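Below is one structure; the comments refer to it alone.
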Protein chains: 2
Amino acid sequence: MKLRPRQKRILEFIQEYIDEHDYPPTIREIGAAVGISSTSVVNYNLERLEEMKLIERNREVSRGLRLVKPKDKRGGERVREIPLYGKIAAGKPIPIPDDPETVAENIAVPASLLPTSGEAFALRVEGHSMIDALVNDGDIIVVRSQPEVENGQMAVVEVLEPAELAGVTLKRFYRRDDKIELRPDNPDPSYQPFWVEAEHVRVYGRVESVLRKYS
Amino acid sequence: MKLRPRQKRILEFIQEYIDEHDYPPTIREIGAAVGISSTSVVNYNLERLEEMKLIERNREVSRGLRLVKPKDKRGGERVREIPLYGKIAAGKPIPIPDDPETVAENIAVPASLLPTSGEAFALRVEGHSMIDALVNDGDIIVVRSQPEVENGQMAVVEVLEPAELAGVTLKRFYRRDDKIELRPDNPDPSYQPFWVEAEHVRVYGRVESVLRKYS
DNA sequence: CTTGACAAAGAACATATGTTCCGGCTATAC
DNA sequence: GTATAGCCGGAACATATGTTCTTTGTCAAG
């Protein structure tokens with residue numbers, strides 16, 4: 001079966017309408033846009049399109065139609081939304097937010113910057129302690145959730161004790177037996193590594209990618 | 001204003017419904033799902049949600065509602081595809097590809113990392129000359145196409161003459177009268193700035209953002 | 001030419017769906 | 001207590017919207 005020009009215009013209009021409104025048009029709106037005065041003619045053509053498997057319809061439901069292969073703007077799996085949980089101190093640890101469940105916002109990340117497997121989340125870096133690792137104040141890091149990381153990797157960890165260091169921080173991670181060294185990556189001597197008991201550290205994940213926007 | 005549990009359930013249901021049907025639910029469908037017998041109560045709560053800027057409504061239109069920040073698969077303008085033209089030397093300029101029109105591939109970039117206006121494209125950085133600007137070998141830069149840049153900005157420029165420097169390169173850009181200094185950002189003395197006649201330089205654009213993926 | 005399938009227009013119809021109004025309930029403030 | 005505001009339920013209402021029917025015109029096949 002062949003797609004007639006009027007039917008092609010209907011398809012295009014549906015796509016445009018959904019792009020603009022986030023919901024499909026009515027039969028009458030389609031008619032007005034394509035230049036069809038009768039609702040029955042629109043209905044007729046929608047039936048043809050349905051036969052051709054180009055759209056799906058839910059009968060007796062207003063705006064009950066969808067495109068079978070929507071020309072999705074975000075091209076399938078090329079982008080994912082991950083939660084942006086807030087700020088992380090690259091310098092001194094900062095306390096965990098009271099309610100970690102409340103996600104401030106989501107951020108869209110290209111699939112090419114995401115881990116190939118596993119969950120991921122994002123944080124905004126505050127401070128300059130990882131400057132030598134090319135991570136700066138204001139950058140957004142994408143973190144792959146995982147309970148362990150290898151030595152030398154950039155990791156997001158929570159320090160439980162001692163109290164004066166407690167909080168979540170971004171550091172290079174080195175494990176020696178049951179002690180863990182958290183090392184900043186800044187030549188400035190005001191940034192010093194510190195050691196913590198392994199049992200007092202919880203690893204959230206390792207840094208997978210970095211996003212930076214220049215104002 | 002506080003989000004009441006019933007309103008939260010309404011939001012969640014709208015999201016689920018859209019994910020499943022590709023169009024929004026009716027007031028009555030929301031009521032049935034959330035356990036509200038009266039359409040007026042659903043309407044009332046939708047008005048509250050609209051006040052809180054959590055949804056938008058088109059009155060007198062069936063299913064005329066949308067989530068303001070839809071976790072929707074087709075999240076509108078949140079992502080754009082831009083061409084990834086290939087590699088650029090952060091160190092020595094590299095020749096322009098014979099056919100700049102042939103785009104090797106496209107890359108999806110979140111709108112938050114794109115310039116608010118104008119065209120953009122992406123390049124993969126090769127070399128370490130911009131290491132102090134936190135741009136490293138392998139990073140992808142997003143470039144806003146523009147014919148001029150301000151002094152000190154990181155810019156993608158093409159050098160036409162002299163022949164031994166000809167090519168496209170990534171440098172900090174400084175203009176003094178009719179001469180242009182192209183300055184790398186690496187303390188290593190093997191990276192040296194150089195001066196070129198302004199008429200022998202073509203500016204492609206300035207660096208808008210940086211993406212880095214750790215293997 | 002006649003026939004039948006297809007496309008279309010217009011009108012009438014059925015109902016799906018948003019809107020409005022009224023009353024009741026609960027909690028808090030006065 | 002009373003008063004007020006926020007929230008809810010129910011029903012009547014208006015209309016937005018899909019469905020169906022009849023009629024007309026076109027075009028290719030017989």
Side-chain angles (χ1 to χ4, degrees), chain A residues 1-68 70, chain B residues 1-68 70 72 74:
Chain A
M1 191 173 299
K2 193 76 173 64
L3 193 65
R4 318 190 88 245
R6 185 173 257 184
Q7 289 160 3
K8 188 177 179 193
R9 290 183 60 195
I10 290 178
L11 274 184
E12 291 168 352
F13 171 71
I14 294 174
Q15 180 62 53
E16 293 166 12
Y17 191 98
I18 292 178
D19 283 346
E20 183 174 348
H21 295 87
D22 284 352
Y23 49 80
T26 66
I27 281 185
R28 282 172 179 81
E29 286 167 335
I30 296 172
V34 183
I36 299 176
S37 65
S38 171
T39 60
S40 66
V41 178
V42 178
N43 189 58
Y44 170 79
N45 283 289
L46 289 180
E47 286 173 351
R48 295 294 84 70
L49 290 171
E50 194 177 16
E51 285 176 4
M52 292 181 254
K53 311 274 189 191
L54 292 172
I55 64 173
E56 288 175 12
R57 294 186 68 186
N58 289 325
R59 300 318 181 87
E60 317 203 352
V61 165
S62 70
R63 304 173 188 277
L65 78 150
R66 74 174 69 173
L67 298 175
V68 167
Chain B
M1 191 173 299
K2 195 74 172 66
L3 193 65
R4 319 202 73 238
R6 184 172 256 186
Q7 289 160 2
K8 188 175 179 192
R9 290 184 58 194
I10 290 178
L11 274 184
E12 290 169 352
F13 171 71
I14 294 174
Q15 180 60 55
E16 294 166 11
Y17 191 99
I18 293 178
D19 282 345
E20 182 175 347
H21 296 87
D22 284 350
Y23 49 79
T26 66
I27 283 187
R28 282 173 179 80
E29 286 168 333
I30 295 173
V34 182
I36 299 177
S37 64
S38 171
T39 60
S40 68
V41 178
V42 178
N43 190 57
Y44 170 80
N45 283 289
L46 289 180
E47 285 173 353
R48 295 292 83 73
L49 290 171
E50 193 177 18
E51 285 176 4
M52 292 183 252
K53 312 276 189 193
L54 293 173
I55 64 174
E56 288 176 13
R57 297 186 71 191
N58 289 326
R59 299 318 180 89
E60 319 204 352
V61 166
S62 70
R63 305 175 190 275
L65 80 155
R66 73 175 68 172
L67 298 177
V68 167
D72 186 1
R74 61 170 55 109

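Throughout, protein chains are lettered first and strands after them, A, B, ... in sequence-line order, and every chain is numbered starting at 1. Because the structure is a prediction, the values reported are computed rather than measured.
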How many Å lie between CG on A:Leu65 and C1' on C:dA16, as a whole number? 16 Å
If you define the side chain from C-beta out and look only at heavy atoms, does anything of B:Glu56 sit under 4.5 Å from A:Asp22? no
Inspect the contact between A:Arg48 and A:Glu51 and indicate whether a charged nitrogen and a carboxylate oxygen are less than 4.0 angstrom apart. yes
From CG (A:Leu67) to CG (A:Leu11), nearest 0.5 Å: 6.5 Å
Over how many whole Å does the gap from B:Glu47 atom CD to C:dC21 atom C1' extend? 13 Å
May I have the distance from B:Ile30 (atom CD1) to C:dT19 (atom C1'), rounded to whole angstrom? 15 Å
From CG of A:Asn43 across to C1' of C:dA14 the rounded distance in Å is 14 Å
Provide, to the nearest angstrom, the distance between the CZ atom belonging to A:Arg28 and the C1' atom belonging to C:dT17. 14 Å
Determine the interplanar angle of the B:Tyr23 and B:His21 rings, folded into 0 to 90°, and report it as parallel if under 30°, tilted if 30 to 60°, perpendicular if over 60°. tilted
Any side-chain donor paired with an acceptor under 3.5 Å for A:Asn45 and A:Arg9? no
Can you pull out the residues from residues 56-63 of chain B that lie within a 4.0 Å heavy-atom distance of DNA chain C? B:Arg57, B:Arg59, B:Glu60, B:Val61, B:Ser62, B:Arg63
Figure out the OH/P separation between B:Tyr23 and D:dT17, and round it to whole Å. 14 Å
Atom CD1 in B:Ile18, atom CZ in B:Arg66: separation rounded to 0.5 Å? 10.0 Å
Can you tell me how far P of D:dC7 sits from CZ of B:Arg9, to the nearest Å? 17 Å
I need the A:Leu65 CG to A:Ile55 CD1 distance, nearest 0.5 Å. 5.5 Å
Keeping B:Arg63 on the side-chain end and A:Ser62 on the backbone end, is there a donor-acceptor pair under 3.5 Å? yes
Using atom CD1 of A:Ile27 as one end and atom P of C:dT15 as the other, report the distance to the nearest whole Å. 16 Å
Under 3.5 Å, which N/O atoms of the protein pair with N/O atoms of nucleotides 8-11 of chain C?
from   : atom 1 : to      : atom 2 : distance (Å)
C:dA8  : OP1    : A:Arg6  : NH1    : 3.0
C:dA8  : OP2    : A:Asn45 : OD1    : 3.4
C:dA8  : OP2    : A:Asn45 : ND2    : 3.2
C:dA8  : O5'    : A:Arg6  : NH1    : 2.9
C:dA9  : N7     : A:Ser40 : OG     : 3.3
C:dG10 : OP2    : A:Ser37 : OG     : 2.2
C:dG10 : N7     : A:Ser38 : OG     : 2.6
C:dG10 : O6     : A:Ser40 : OG     : 2.6

